[in-house]
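Read the structure below first, then the notes.
Remember, it's a predicted structure, so these values are computed and weren't measured experimentally. Only this structure's heavy atoms are used, side chains among them; waters, hydrogens and symmetry mates stay out. Starting from 1, each residue takes its place in the sequence as its number.
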Amino acid sequence: MEHIRKIPLPGQRILRTMIAVWLCLLVYVLRGRQGEPLYAALAVLQCIQPYTKTTHAVGRKRIIGTLIGAFWGLMLLLFEQWLNRHGHEEPWLHFLLIGAFTGIVLYFTVLLRVSEAAYFSAVVFMVITIKHADDVSPYVYAFNRTLDTVIGVVMAEIVNRIHLPRLRKTDTLFVSSIGDTILGADRHLTPYSKVELNRLLDDGAMFTVATSETQATVRELLAGVELRWPVITMDGAALYDMKTMEYLHTVPMDAEKARRLVAWVKGQGLGFFSNSVEQNLLVIRYEELTNPAMQQLFEQKRKSAYRNYVHSPADLDKDILYLLIVDRTELIEEKRRLLEREPWSGDYRIVQSPSAFEGCATLKIYDASVSRAAMLRRLQERLQPKETVTFGSVPGQYDVVIDHVDHNHMVRELKRRFEPVDLRGWRNVFHS
């Protein structure tokens with residue numbers, strides 16, 4: 001029984017495909033069983049896509065390809081009829097012409113600058129020229145194959161655009177943490193969550209994330225999600241616009257705090273990464289890679305186009321947003337306790353977390369004023385939402401607590417709260 005519970009339910013794409021195929025078969029029956037519903041069903045399978053705009057693009061390519069393939073298929077059938085009337089009925093000539101005309105079809109899509117439809121054009125052409133019946137008019141056969149495809153495309157478009165009436169709350173700001181909320185325990189974004197997040201954003205959801213990660217890591221963890229609203233990064237030390245690639249606000253340590261912290265960390269013999277933003281770029285300075293965990297972290301992250309590592313003993317205390325130390329867990333715990341005993345430790349926010357490297361932990365040190373809540377208030381001032389709803393895994397800290405049982409839990413909750421089913425949302429039944 002445990003295994004049965006883990007089997008996922010069919011997604012919307014599967015259900016919509018089933019409905020569209022049924023509609024194609026219904027049209028076939030209403031037409032008096034004329035045509036071949038197979039080609040309509042094949043068009044449905046190709047055109048039903050996760051996103052409405054993708055369905056439209058695929059449908060357009062399918063129709064253009066069908067028209068081109070049908071035109072050249074008709075030309076070949078008429079040419080072969082002319083040859084037959086003049087006594088040229090050799091089978092080898094038929095196959096030779098199919099190969100030659102296939103090249104013409106593909107080249108024609110290039111001339112018309114619709115090469116993206118080349119595959120569909122060639123498929124329709126071959127269906128007409130290879131599977132046609134000799135006793136059927138070429139005009140009728142080409143027309144029917146085109147009509148069958150158009151029926152499938154139209155049904156896919158209709159089914160993919162019709163939704164339940166939903167009342168969208170476009171004036172509510174939704175903010176979620178990432179690693180323990182959207183991604184779940186295994187830190188992977190499910191295909192369902194990616195598709196639904198993008199659809200909700202397309203439909204006007206004011207959704208963003210708040211995380212301890214940098215914007216570079218957000219891009220990696222949520223690859224494929226088109227975040228349109230500023231994200232809270234570095235645990236509240238920065239507010240970043242993913243679209244314009246611009247830091248809208250940062251909270252660096254003042255010069256005295258930065259110098260004192262760097263001097264203390266160096267005095268403890270610890271290696272560290274100093275994270276700052278300079279000229280709208282994330283700059284990560286380091287002097288020495290003092291342990292294997294630092295070396296591994298550097299090797300993993302340095303190839304990113306959104307991180308700029310600088311190996312230099314100079315400017316390590318310049319505009320620090322946070323200091324990152326990674327080392328053996330027992331050493332990190334010891335140094336954290338020592339730092340917290342310093343009389344000036346209240347000037348900083350000290351966060352210890354488990355590391356991805358076995359037996360290691362990380363220590364992140366921010367200015368004491370840095371917090372996600374403070375940066376969220378700044379974001380609210382900027383966006384002026386009617387209300388704000390937060391998602392996270394810690395009870396008492398978030399409006400909606402998310403567990404790890406279902407990796408899609410957070411996105412389903414977002415969908416339920418952003419667009420509840422409501423007859424007052426009848427205008428949203430048909431998506432453009």
Exercise. Under 4.0 Å between a Lys/Arg side-chain N and an Asp/Glu carboxylate O for Glu333 and Arg336?
Worked result: no

Exercise. Ser274 and Ile284: side chain to side chain contact (heavy atoms under 4.5 Å, CB included), yes or no, with the steps?
Worked result: CA-CA 5 Å; Ser274 173; Ile284 306 170; over 6 Å; no

For this session: Answer yes if the ring centres of Tyr322 and Tyr366 are under 6.0 angstrom apart, and no otherwise.
Result: yes

For this session: Evaluate the side-chain proximity of Lys415 to Glu196: yes if any heavy-atom separation is below 4.5 Å, no if none is.
Result: yes

For this session: State whether Arg168 and Asp203 are salt-bridged, where the test is any N-O pair (Lys NZ or Arg NE/NH1/NH2 against Asp/Glu carboxylate O) under 4.0 Å.
Result: yes

For this session: Just say parallel, tilted or perpendicular for the rings of Phe108 and Phe71, cut-offs at 30° and 60°.
Result: parallel

Exercise. Does any N or O in the side chain of Gln384 come within less than 3.5 Å of the main-chain N or O of Glu381, such that one atom is a donor and the other an acceptor?
Worked result: yes

Problem set entry | Test side-chain contact (heavy atoms from CB on, under 4.5 Å) applied to Gln300 - qualifying residues, sequence neighbours left out | Phe357

Exercise. Is Thr208 reaching over with its side chain to a backbone N or O of Pro230, donor-acceptor style, under 3.5 angstrom?
Worked result: yes

Problem set entry | Over-ring placement of Arg412 relative to Tyr192, 6.0 Å and 45° cut-offs | yes

For this session: Run the numbers on Thr233 and Thr214 for side chain to side chain contact (heavy atoms under 4.5 Å, CB included), then give the verdict.
Result: CA-CA 5 Å; Thr233 65; Thr214 64; 5.7 Å; no

For this session: Answer yes or no: is there a side-chain heavy-atom contact under 4.5 Å between Val400 and Ile402?
Result: yes

For this session: Considering only NZ, NE, NH1 and NH2 on the basic side and carboxylate oxygens on the acidic side, decide whether Glu213 and Arg219 come within less than 4.0 Å.
Result: no

For this session: State, with a plain yes or no, whether a side-chain heavy atom of Leu414 is found less than 4.5 Å away from one of Met410.
Result: yes

Exercise. Are Tyr247 and Tyr240 close enough that their ring centers fall under 6.0 Å?
Worked result: yes

Problem set entry | Qualifying residue, where the test is side-chain contact (heavy atoms from CB on, under 4.5 Å) with Thr129 and the options are Leu97, Leu74, Ile98, Thr102 | Ile98

Exercise. Could you go step by step and tell me if Leu221 and Leu183 meet the side chain to side chain contact (heavy atoms under 4.5 Å, CB included) rule?
Worked result: CA-CA 8 Å; Leu221 295 176; Leu183 305 182; 4.0 Å; yes

Exercise. Any luck finding a side-chain donor-acceptor pair between Arg372 and Thr390 under 3.5 Å?
Worked result: no

Exercise. Are the side chains of Glu220 and Val218 in touch, meaning some heavy atoms are under 4.5 Å apart?
Worked result: no

Problem set entry | Over 12 foreign heavy atoms within 6.0 Å of CD, Glu358 | no

For this session: Would you please say whether a donor-acceptor pair under 3.5 Å links the side chains of Ser312 and Glu287?
Result: no

Exercise. For the ring pair Tyr286 and Phe272, is the centre-to-centre distance below 6.0 Å?
Worked result: no

Problem set entry | Side chains of Leu222 and Leu227 in contact at under 4.5 Å (non-hydrogen atoms) | yes

For this session: Give a yes-or-no answer on whether the side chains of Glu278 and Ser276 include a donor-acceptor pair shorter than 3.5 Å.
Result: yes

Exercise. Going through the distances and angles, do Thr388 and Gln380 end up as a side-chain hydrogen bond (donor to acceptor under 3.5 Å, both in side chains)?
Worked result: CA-CA 8 Å; Thr388 300; Gln380 290 169 321; 2.8 Å; yes

Exercise. So do Pro385 and Thr172 actually touch side chain to side chain, heavy atoms under 4.5 Å?
Worked result: no

Problem set entry | Qualifying residue, where the test is side-chain contact (heavy atoms from CB on, under 4.5 Å) with Phe207 and the options are Leu200, Leu197, Val175 | Leu197

For this session: Determine yes or no for a side-chain-to-main-chain donor-acceptor pair under 3.5 angstrom, with Asp148 supplying the side chain and Glu36 the backbone.
Result: yes

Exercise. Where does the angle between the aromatic ring planes of Phe101 and Trp72 fall among parallel (under 30°), tilted (30 to 60°) and perpendicular (over 60°)?
Worked result: perpendicular

Exercise. Will you find, in the side chains of Ser193 and Thr190, an N or O donor that is under 3.5 Å from an N or O acceptor?
Worked result: yes

